[in-house]
Amino acid sequence: MERLKVALLLKSEPGKKVLAKGWVRTKRGNKNVSFIALNDGSTINNIQIVCDASKFDEEFMKQITTGACIGVEGDLVASMGSGQAVEIQAGKIEIYGVADSTYPLQKKGHSMEFLREIAHLRPRTNTFGAVLRIRHAMAFAIHNFFNSKGFCYLHTPLITASDCEGAGEMFQVTTMDLNNIPRTEDGAIDFGSDFFGRQTSLTVSGQLEGELGATALGEIYTFGPTFRAENSNTPRHLAEFWMIEPEMAFYDIKDNMDLAEEFIKYLVNYALENCLDDITFLNNMFDNELIDRLRGVLKEDFVRLSYTEGIEILEQAKKDGVKFEFPVGWGTDLQSEHERYLVEKHFKKPVILTDYPKDIKAFYMKQNEDGKTVRAMDVLFPKIGEIIGGSQREESYEKLTQRIEELGMDTRGLWWYLDTRRWGSAPHSGFGLGFERLLMFVTGMSNIRDVIPFPRTPNNAEF
Ligand code: ATP
Ligand code: MN
């Protein structure tokens, strides 16, 4: 008999023979009958299996405990109990794998901290099942969104020889014998003898290569893992995270903002339309404002505001007695507390902050006429702070190389990037959306470690 998934069974009409396979969430009952809640990961909901004691050996039934994996053949019937329309009247049960009392997920209500210690098992909980299904749905929706707009999915390299962005500390990639590092005559590390014949690291962003794609294919996006040796333990930073980076020829900063806003709204709407069971579960268990917050984002236009105006609001707030841990003032980078003040307290909706001081932003951003600011845009979200960072890119070869010199950057590794400005340079823009930051927003999870299956953070690379 063909196995049917629980998601499908729960939507099926009663009155047929079925086969279900999955993991036992709970078993309860009395000496006449047992009720098993079976889950196979296809939905947050379990299917109830009813086992008449007369049909099954008592010793056999004792082996079916929380965590065990079983297959059940039986009749799909209308359920007498509340909470489900159908259930399976078991005829035959096969045990694939037992789970004795040492199984760590015996009872519900484990702390998120404890579940992180058993990240190899936590996908079997309701919470992580829900989060991981939403994660999948969002990944699918991202490809859908860009594909429908004619963007090309560009695969940018994970191993790179340039830290052009200065976006963060990089992880080095080497095959050198660390116990016997080759040295040049003057005692420096001889990267020339390393695998790539030069110093290499894991990428912090696919943007620079993305720009190569955009100035050829028009509109591209990347969607892949990104690595930053962030040595700060925050609930919003991972050492390995996934980023979506669209890059578009002929888009100015306004087009870029429009795309970012449309993109996030599309994803939130997709989640509400396709993952409502899971979102409702998370709403009820963790954060009963989650659904309201998601709907709220769809309703409103995002506020668009210059950095300078943002600073004025924050300075006024300080005068009015709001306490910030970090200083506020024109020229300083905004901390998460400042971003969240603007979004949650002042405007009460998402904010796109533009035109940041050039000294706190990357070298490739398009310079404004004022000589002080660049055409950057950060999208700030409730509960998260920065969810997107982007900009219009500087397309002038002269201005770009001048900025690189000002910053004392090493241009040797950048020759290929500068060639985009040398020949057929085009106005273009792009941004990076942190996939896990998006998922924090959509799931309501408050720690980024809980929206990725196997988080990588300082001192943590188990599993
Ligand atoms: P932050 O100030 O929060 O560290 P950033 O300015 O370093 O962010 P960008 O370099 O602009 O971020 O990267 C683009 C996006 O990638 C950010 O808006 C954020 O959503 C995400 N991001 C950046 N660093 C991390 C990280 N360590 N873990 C998870 N997501 C990240
Ligand atoms: Mn950062």
Side-chain angles (χ1 to χ4, degrees), residues 1-110 121-137 273-285:
M1 192 187 294
E2 189 199 356
R3 170 205 166 204
L4 293 182
K5 293 198 186 182
V6 171
L8 198 74
L9 286 170
L10 291 173
K11 283 187 249 161
S12 302
E13 288 298 317
K16 59 175 176 182
K17 288 238 176 291
V18 295
L19 169 62
K21 298 180 180 182
W23 293 268
V24 175
R25 282 293 161 79
T26 56
K27 191 177 88 178
R28 61 187 175 83
N30 52 42
K31 61 181 183 342
N32 299 322
V33 60
S34 303
F35 300 98
I36 298 167
L38 193 71
N39 189 283
D40 67 358
S42 60
T43 158
I44 188 84
N45 301 308
N46 305 322
I47 189 146
Q48 174 156 282
I49 314 289
V50 184
C51 315
D52 267 325
S54 61
K55 282 197 221 150
F56 299 96
D57 175 60
E58 200 182 325
E59 285 309 307
F60 177 81
M61 286 307 290
K62 272 190 190 155
Q63 292 180 276
I64 302 176
T65 53
T66 294
C69 183
I70 62 173
V72 182
E73 251 182 76
D75 296 309
L76 191 71
V77 297
S79 177
M80 300 296 193
S82 62
Q84 67 268 324
V86 291
E87 62 192 19
I88 298 176
Q89 197 76 51
K92 209 164 89 192
I93 299 180
E94 189 177 345
I95 299 176
Y96 300 120
V98 294
D100 66 17
S101 60
T102 60
Y103 181 58
L105 294 172
Q106 291 297 342
K107 50 183 192 342
K108 293 176 183 166
H110 293 296
L121 296 173
R122 68 180 185 170
R124 294 189 191 181
T125 62
N126 283 332
T127 299
F128 283 90
V131 167
L132 295 177
R133 277 186 298 272
I134 294 170
R135 186 176 168 108
H136 158 77
E273 280 185 356
N274 294 277
C275 311
L276 197 55
D277 280 359
D278 287 324
I279 290 174
T280 303
F281 172 82
L282 296 170
N283 184 87
N284 298 345
M285 290 297 290

Do [X] and [Y] have side chains that approach each other closer than 4.5 Å (heavy atoms only, starting at C-beta)?
X	Y	answer
Val6	Asn39	no
Ile64	Phe56	no
Val98	Thr65	no

Salt bridge (charged side-chain N to carboxylate O under 4.0 Å, His left out) involving [X] - partner list, sequence neighbours excluded:
X	answer
Lys11	none
Lys17	Asp75
Glu273	none
Arg124	none

Nearest 0.5 Å, what's the [atom1]-[atom2] distance between [X] and [Y]?
X	Y	atom1	atom2	result
Leu10	Leu76	CG	CG	8.5 Å
Lys21	Glu73	NZ	CD	9.0 Å
Leu38	Ile49	CG	CD1	5.0 Å
Ile70	Cys51	CD1	SG	7.0 Å
Leu4	Lys16	CG	NZ	5.5 Å

* To do: With sequence neighbours excluded, tell me which residues meet side-chain hydrogen bond (donor to acceptor under 3.5 Å, both in side chains) with Asn30.
  =>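 In terms of side-chain hydrogen bond (donor to acceptor under 3.5 Å, both in side chains), with neighbours along the sequence ignored, Asn30 is linked to no residue.
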Acceptor/donor pairs from residues 125-135 side chains to any protein atom, 3.5 angstrom cut, sequence neighbours excluded:
| residue | atom | partner | partner atom | Å |
| --- | --- | --- | --- | --- |
| Thr125 | OG1 | Arg122 | O | 2.7 |
| Thr125 | OG1 | Phe128 | N | 3.2 |
| Asn126 | OD1 | Arg25 | NH1 | 2.6 |
| Arg133 | NE | Asp278 | OD1 | 3.4 |
| Arg133 | NE | Asp278 | OD2 | 3.0 |
| Arg133 | NH1 | Gly41 | O | 2.8 |
| Arg133 | NH2 | Asp278 | OD1 | 3.0 |
| Arg135 | NH1 | Glu436 | OE2 | 3.0 |
| Arg135 | NH1 | Val451 | O | 2.9 |
| Arg135 | NH2 | Glu436 | OE2 | 3.1 |

Show the atom names and distances, to 0.1 Å, of all donor-acceptor pairs under 3.5 Å that link a side chain in residues 82-90 to residues at least two apart or in another chain.
| residue | atom | partner | partner atom | Å |
| --- | --- | --- | --- | --- |
| Gln84 | NE2 | Ser79 | OG | 2.9 |
| Glu87 | OE1 | Gln48 | NE2 | 2.9 |
| Glu87 | OE1 | Ser79 | OG | 2.9 |

Suppose we screen for side chain to side chain contact (heavy atoms under 4.5 Å, CB included). Which residues come up paired with [X], at least two apart in sequence or across chains?
X	result
Met80	none
Thr280	Leu276, Asn284, Ile291
Ala7	Ser42, Thr43

* **Heavy-atom closest pair, residues Ile93 and Phe60** =>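 It is O-CZ, 3.4 Å.
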* **Pairs meeting criterion salt bridge (charged side-chain N to carboxylate O under 4.0 Å, His left out) with involvement of residues 28-57, two or more places apart** =>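 Salt bridge (charged side-chain N to carboxylate O under 4.0 Å, His left out) check on residues 28-57 returns Arg3-Asp40.
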* What residue pairs, at least two apart or across chains, pass ring pair (Phe, Tyr, Trp, His ring centres under 6.0 Å) with a residue in residues 89-110? ->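 Sorted result for residues 89-110: His110-Phe114.
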